Enquirer: 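Got a structure here, written out as structure tokens. Questions coming.
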Amino acid sequence: MNNEDNKQELPEHYDQLKKAANRSADWRARLEAVQELGKWEHPQTMDILTRLMNSDPVYKVQEAAYEKLRALGQDVQLPSPNKPEPFKGLSKIMLRIRKSLPREHTFEDFKEKLRKMRIDIYDTYEGIKGDGFDEWLKKQWEAAGK
């Protein structure tokens, strides 16, 4: 079987890749799944890539899925990086987490509590904000204390 034939089949580890692509609390796992799924030109892998390109909350994942689909010859449009906030009521969530901590808690306490209580929010914004995540989160923490 040559390499072209191989691309038409599903990878042996397709089920694991599909699970990784659906991990809402791990943008890095979704990104790795995109990289691997992009090696296979199969309708099921392309469906997953298309879904991630159109609806993943982390733009890096959307962009990677777009690149893989383009490399597979698909006529797709790069989604806009400007999109609405992925979580409704974020300020209320942050306030609840802040109120659940002792009055004299630190920013690090807040960050850890958010990671434990709402890994989905923590992970998504970590992916969206990149190196600016701590600065963004600190502003959220301060705003929740007012």
Side-chain angles (χ1 to χ4, degrees), residues 1-98 100-101 105-144:
M1 178 184 301
N2 67 31
N3 197 25
E4 271 307 304
D5 293 336
N6 190 33
K7 290 185 92 169
Q8 297 297 320
E9 297 177 6
L10 278 174
E12 290 179 20
H13 56 302
Y14 172 76
D15 287 336
Q16 293 150 324
L17 291 171
K18 185 177 177 182
K19 285 179 187 174
N22 289 324
R23 286 199 181 106
S24 63
D26 193 347
W27 71 269
R28 287 175 184 86
R30 294 192 311 273
L31 185 59
E32 288 176 20
V34 164
Q35 298 303 328
E36 187 61 26
L37 289 166
K39 297 176 185 176
W40 301 88
E41 190 174 351
H42 187 279
Q44 287 178 267
T45 60
M46 299 216 298
D47 285 348
I48 293 171
L49 290 172
T50 301
R51 178 182 54 80
L52 291 171
M53 179 190 72
N54 289 327
S55 63
D56 197 275
V58 176
Y59 191 69
K60 292 173 194 172
V61 176
Q62 286 186 307
E63 198 171 31
Y66 164 80
E67 293 297 332
K68 291 298 182 181
L69 286 165
R70 292 287 297 192
L72 291 170
Q74 298 299 303
D75 184 21
V76 292
Q77 297 292 329
L78 181 63
S80 170
N82 302 323
K83 54 187 171 182
E85 289 294 322
F87 296 94
K88 290 185 179 183
L90 183 65
S91 59
K92 288 181 181 182
I93 294 168
M94 296 296 189
L95 178 61
R96 269 185 253 146
I97 291 171
R98 183 161 180 149
S100 73
L101 291 163
H105 72 273
T106 65
F107 167 68
E108 290 302 321
D109 296 333
F110 175 78
K111 183 177 176 181
E112 184 62 19
K113 182 85 174 208
L114 173 63
R115 191 183 66 72
K116 287 181 179 177
M117 286 181 68
R118 292 298 305 262
I119 187 67
D120 56 337
I121 291 174
Y122 185 97
D123 183 77
T124 298
Y125 281 100
E126 183 186 39
I128 292 171
K129 301 297 181 184
D131 292 340
F133 174 70
D134 280 351
E135 182 181 328
W136 171 83
L137 186 58
K138 193 165 196 160
K139 287 179 183 174
Q140 296 296 312
W141 173 64
E142 290 168 350

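Note that the coordinates shown come from a computational prediction; the quantities given were computed from them, not determined experimentally.
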Enquirer: Return the OH to CG distance between Y14 and L37, rounded to the nearest 0.5 Å.
Expert: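 Rounded to the nearest 0.5 Å, the OH-CG separation comes to 7.5 Å.
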Enquirer: Which atom names give the shortest non-hydrogen contact between Y66 and V76, and what distance separates them?
Expert: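 Closest approach of Y66 to V76, heavy atoms only: CE1-O, 3.4 Å.
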Enquirer: In plain terms, say whether R118 and D120 are close enough for a salt bridge, that is, a side-chain N and a carboxylate O under 4.0 Å apart.
Expert: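 Salt bridge present between R118 and D120.
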Enquirer: Find out whether R28 and E126 are in side-chain contact, i.e. whether some heavy atom of one side chain is under 4.5 Å from a heavy atom of the other.
Expert: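 Yes - at least one pair of side-chain heavy atoms lies under 4.5 Å apart.
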Enquirer: Can you find a pair of side-chain heavy atoms, one from Y125 and one from P86, that are under 4.5 Å apart?
Expert: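 A side-chain contact exists here, since the closest heavy-atom pair is under 4.5 Å.
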Enquirer: Run through Q62, R51, R30 and flag the one making a side chain to side chain donor-acceptor pair (under 3.5 Å) with D56.
Expert: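 That would be R30.
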Enquirer: Would you check if K60 and I128 make a side-chain contact, meaning some heavy-atom pair closer than 4.5 Å?
Expert: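 They are not in contact (no side-chain heavy atoms under 4.5 Å apart), so the answer is no.
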Enquirer: For a quick test of reading the model, state the closest non-hydrogen atom pair linking A65 to L49 and the distance between them.
Expert: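 For A65 versus L49, the nearest heavy atoms are CB-O, 3.4 Å.
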Enquirer: Roughly how far, to the nearest 0.5 Å, is the NZ atom of K111 from the OG1 atom of T106?
Expert: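 It comes to 11.0 Å.
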Enquirer: Do the charged groups of E36 and K39 touch, with an N to O distance under 4.0 Å?
Expert: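 Salt bridge: yes.
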Enquirer: Is R23 salt-bridged to E32, cutoff N-O under 4.0 Å?
Expert: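 A salt bridge is absent here (no side-chain N lies under 4.0 Å from a carboxylate O).
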Enquirer: Can you name the nearest heavy-atom pair linking L69 to M53, along with the distance?
Expert: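 Taking L69 first and M53 second, the nearest heavy atoms are CD1-SD, 3.9 Å.
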Enquirer: Where do S24 and D123 come nearest, in terms of heavy atoms and distance?
Expert: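 Taking every non-hydrogen atom into account, O-OD2, 4.3 Å.
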Enquirer: Distance check, rounded to the nearest 0.5 Å: E112 atom CD versus L101 atom CG?
Expert: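 Between atom CD of E112 and atom CG of L101 there are 10.5 Å.
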Enquirer: Between L90 and Q140, is there a side-chain heavy-atom distance shorter than 4.5 Å?
Expert: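 In short, these two side chains touch, coming nearer than 4.5 Å.
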Enquirer: What distance separates R98 CZ from D109 CG, expressed to the nearest 0.5 Å?
Expert: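 R98 CZ to D109 CG: 11.0 Å, rounded to 0.5 Å.
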Enquirer: Got L95 and K92 here, is their nearest side-chain heavy-atom distance under 4.5 Å?
Expert: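 A side-chain contact under 4.5 Å is absent here.
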Enquirer: If you look at every heavy atom in T124 and V58, which pair is closest and at what distance?
Expert: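 So the minimum-distance heavy-atom pair works out to O-CG2, 3.7 Å.
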Enquirer: Going by heavy atoms in the side chains, are V34 and E67 under 4.5 Å from each other?
Expert: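 No, their side chains stay 4.5 Å or more apart.
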Enquirer: Nearest 0.5 Å, what's the CG-CG distance between L114 and L137?
Expert: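 CG of L137 is found 6.0 Å from CG of L114.
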Enquirer: Could you tell me which non-hydrogen atom of P79 sits nearest to which non-hydrogen atom of Y59, and how far apart they are?
Expert: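 Minimum heavy-atom contact is O-OH, 3.0 Å.
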Enquirer: So, taking the atom named CD in Q35 and the one named NZ in K68, what distance separates them when rounded to the nearest 0.5 Å?
Expert: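 Taking CD in Q35 and NZ in K68, the distance rounds to 4.5 Å.
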Enquirer: Using the six-membered ring wherever Trp is involved, compare the ring planes of F110 and W141 and label them parallel, tilted or perpendicular (cut-offs 30° and 60°).
Expert: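 The rings of F110 and W141 sit tilted, inter-plane angle from 30° to 60°.
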Enquirer: Take atom NZ of K83 as the centre, draw a 6.0 Å sphere, and report whether it contains more than 12 heavy atoms from other residues, nucleotides or ligands.
Expert: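 Yes, because the 6.0 Å sphere around NZ of K83 holds more than 12 heavy atoms from other groups.
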Enquirer: Go through the steps for E9 and H42 under the test side-chain contact (heavy atoms from CB on, under 4.5 Å), then give the verdict.
Expert: CA-CA 6 Å; E9 297 177 6; H42 187 279; 5.5 Å; no
Enquirer: When you check the gap from the basic side-chain N to the acidic O, do K138 and E135 get nearer than 4.0 Å?
Expert: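 No salt bridge links K138 with E135.
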